[in-house]
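Each chain gets a letter, A, B and so on, in the order its sequence line appears, and its residues count up from 1. The shown structure was predicted, so the numbers you read here are calculated from the model rather than taken from an experiment.
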Amino acid sequence: MSIYDTLNEPQREAVLHTDGPLLILAGAGSGKTRVLTHRIAYLIEEMGVNPWNILAITFTNKAAGEMRQRVDDLVGFGSESIWVSTFHSMCVRILRRFIDRLGYDNRFTIYDTDDQKTLMKAVCKKVDIDTKQFKERMLLSVISSAKNEMILPEEFEMNAGGDFAQLKIAKVYREYEAQLKANNALDFDDLLVKTVQLLQTQPDVRENYQERFRYIMVDEYQDTNTVQFKLVSLLAGKYRNLCVVGDDDQSIYKFRGANIRNILDFEKEYPDAKVIKLEQNYRSTENILNAANGVISNNKGRKDKTLWTANGEGQKICLKQFDTAYDEAEFIAEDIKKEVRDGASYNDSAVLYRTNAQSRLLEEKFIAMNIPYKIVGGINFYARREIKDILAYLKTVDNGQDDLAVRRIINVPKRGIGLTTINRIQEAADARGISFYDALLAPEMIPGAGRSAAKLNSFAALIEYFKGQAEKESLTDLLNEILDMTGYTQNLEADDEIDAESRLQNIEELLNKAAAYEEDCEDRDEKATLSGFLEEVALVADIDSLEEDQDYVVLMTLHSAKGLEFPHVYLAGVEDGLFPSYMTITGDDPEELEEERRLCYVGITRAEQKLTLTCARKRMVRGETQYNRISRFISEIPPELLDTGRSSAERAGGAGNTYSGDSGFGNADGIGGGAFAGTGRGGSFGKAYGAAGKKPFTALTKGSQLTAQKSDKLSYGVGDRVRHVKFGEGTVLDIKEGGRDFEVTVEFDTAGVRKMFAMFAKLVKI
DNA sequence: CGGTCACCAGTTTTT
DNA sequence: CTGGTGACCG
């Protein structure tokens, strides 16, 4: 009896087919990770392949970690030398070694979307673009699409023909690239593009990696884009032992450049490819699966396959419509409470939705009802202002060439260096063709900087000091020193009392992550470096922090939920105009609607035992009330699978749950006549949820405890005179016992009345 | 230079 | 409703 006997027939076939191209069409829940891990084990144990020669590419760091763990469990040794990583981290690793061949410094920094936007602003200013006409976001998205198709500025310009707008964009593209390079920075797309360029132009590098990666596996292949396809083709070009796994029905990243043709045309690209379909689902009940099949069968042009399961029929799918989104949230929260009372755990449930903004109401209800939860997504931890500030210090210390980072922190905390001075430095830098930081080192060369020279000097001295320290001390020590010497922590506490606590907690969290990184390096016998940390930090996704063994309800978008599974899934906001989104309904591209349908399919198939669909008749969106019908996708589910709960009258009067099994959307019932209120403006994205500083509940997240301890007793009391670093002397008016800390109200002699947390205010009795 | 106030524009999904 | 931006004043 070997470990391979536990596989079903097609699974085993996929594991045993080791040489040559292989396409595994793996339906949802059909055990594809199992196949991949067993295949790796088989390669190592039975085929004698050196783990060193295996590359497995996954979609997220979390998936990579899990895969490595599972291979570890199977093989027991050698698994640490398998390369398991995401496309992006793999590229960074290659580029750190070889990007100097393309004329970059190997210590390049990585720009996130926020940085890109800042850079684009500067570009538009320089190229004299009216940002009313060409929005930064639109420009960036055009450039990103171009990069995803490997179209460089020159070609883009040629393609423009005589089109005035396109030529203008070409100019922006060119300048954007120039500035990235000047800052020694790469954006996310560049990581892939540059790696492909490297492999294309440097035969020895290509040869090196082709030899190394003799066996390549790519997970979630349906979501690869054109550059990723090129990259994989290049790497697999010599040995052609390429195994791709995916499900065309779960392709949901078109907006990010994913090209569904990569999987649909795999057999054309590799005519000798073996194709294996995994159609038995081990995850869900029959009812859930049939609902999913019902929905997805409305899509055209998909690979023919039908999922089946030997699991029982299971419960019916619960569908409830409410009057308001508020009622919807309340129901979900109460339902989860009820299940927990009946013996379920919180982490048996997940709430999925189309847009991040929907998390807010749910979060409020969960807090009110004391349900532990974790929100995945929204604003990335590393995109928070305070985190970006601190990271900008690290970047500046690490790589003075990143103008964006330097400009970000030159006056944070306030040092009296204003915009005028910053612009003068920039002009001087541009004029001399040097970096912003280098220009600032010599204020005497900057015309008109006279009065600011002293301030600039002390800023430069501070950074230079940190640079020296970076050589000598550990990352965490450096971080602490930066926080301390810049006065960042103190200023934060002083600036806005409301947000201070959560921001300081985030900084604590960052310190924890730095410490974890150092430990990690120690375990792996590598040197913990500043750039190493910055790089790790640049490529994490929020989903990576999800921990299955923690007992909380997970809230996230359908996109984030891909690859996960839960006993009970709530799919919230199944309304026309929200899901499918307003944009796809009004747009005339039927492919977009198909992608939304695939998203729906992904959502349904996350559920193992129970699926609850909820929607609201009206909902507030951007301050306006929207009136929505039940999602068209619901009518694609065979009606006999649905339990509308109509008999079990939940609530007397209004907010009941009515749903007529018929086609359901002849008329919008009610106000407004149309299905939507609100005017559809050009689609775009950005920060979707999360009011200022509103921090998702992270108290349950491992390692988020504050290191600063709440003291039992304060050294001062009401009426005492105290001194604050920034505000000077004052009198304590009030001390309130808070959850984690004392909230102290002080009337300062010069700065007025302020509330602050004792832990951070460091008040001294005088 | 920095703070405050008023106005305006915006939101699908993310490595 | 909210965050970002621009004008104005201390």
Taking any heavy-atom pair under 4.0 Å as a contact, classify [X]: base, sugar-phosphate, or nothing.
{"X": "A:K121", "value": "sugar-phosphate"}
{"X": "A:S560", "value": "sugar-phosphate"}
{"X": "A:T420", "value": "sugar-phosphate"}
{"X": "A:D223", "value": "nothing"}
{"X": "A:I417", "value": "sugar-phosphate"}
{"X": "A:Y253", "value": "sugar-phosphate"}
{"X": "A:E596", "value": "base"}
{"X": "A:K135", "value": "sugar-phosphate"}

Take the protein atom [atom1] of [X] and the nucleotide atom [atom2] of [N], then report the distance between them rounded to whole Å.
{"X": "A:K414", "N": "B:dC1", "atom1": "NZ", "atom2": "C1'", "answer": "10 Å"}
{"X": "A:Q626", "N": "C:dC1", "atom1": "CD", "atom2": "P", "answer": "16 Å"}
{"X": "A:Y221", "N": "B:dT15", "atom1": "OH", "atom2": "P", "answer": "21 Å"}
{"X": "A:M138", "N": "B:dT11", "atom1": "CE", "atom2": "C1'", "answer": "18 Å"}
{"X": "A:K194", "N": "B:dT15", "atom1": "NZ", "atom2": "P", "answer": "22 Å"}
{"X": "A:R385", "N": "C:dT2", "atom1": "CZ", "atom2": "C1'", "answer": "15 Å"}
{"X": "A:E624", "N": "C:dC1", "atom1": "CD", "atom2": "P", "answer": "11 Å"}
{"X": "A:L578", "N": "B:dT12", "atom1": "CG", "atom2": "C1'", "answer": "9 Å"}

Ion pair A:K388/A:D115, N-O distance below 4.0 Å
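Salt bridge flag = yes for A:D115 with A:K388.
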
State which of [options] makes the closest approach to the side chain of [X].
{"X": "A:H559", "options": "B:dT15, B:dT14, B:dT11", "value": "B:dT14"}
{"X": "A:T557", "options": "B:dT14, B:dT12, B:dT15", "value": "B:dT14"}
{"X": "A:T113", "options": "B:dT14, B:dT15, B:dT12", "value": "B:dT15"}
{"X": "A:N411", "options": "B:dT15, B:dT12, B:dG2", "value": "B:dG2"}
{"X": "A:T421", "options": "B:dT14, B:dC1, B:dT15", "value": "B:dC1"}

Heavy-atom donor-acceptor pair, A:R622 side-chain to B:dT11 base, under 3.5 Å
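Per atom types, no contact qualifies.
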
Within 6.0 Å of OH in A:Y104, more than 12 heavy atoms from elsewhere
yes

Holding to ring-ring contact (aromatic ring centres under 6.0 Å, His included), I want the full list of residues that pass it with A:Y353, two or more places apart in sequence or in another chain.
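By the ring-ring contact (aromatic ring centres under 6.0 Å, His included) rule, A:Y353 matches no residue at all.
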
Can you list the residues that meet the ring-ring contact (aromatic ring centres under 6.0 Å, His included) rule with A:F134, with sequence neighbours excluded?
none

Starting at the 5' end of DNA chain B, which residue's closest nucleotide do you reach first, A:F87 or A:R415?
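Counting from the 5' end, the first nearest nucleotide belongs to A:R415.
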
Between A:R256 and A:L419, who's closer to the 5' end of DNA chain B by nearest nucleotide?
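Here A:L419 is the residue nearer the 5' end.
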
Using the ring of each side chain (for Trp, its six-membered ring), is A:F533 parallel, tilted or perpendicular to A:Y517, with breaks at 30° and 60°?
tilted

Run through A:L234, A:L55, A:L235 and flag the one making a side-chain contact (heavy atoms from CB on, under 4.5 Å) with A:Y209.
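Only one of A:L234, A:L55, A:L235 forms a side-chain contact (heavy atoms from CB on, under 4.5 Å) with A:Y209, namely A:L235.
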
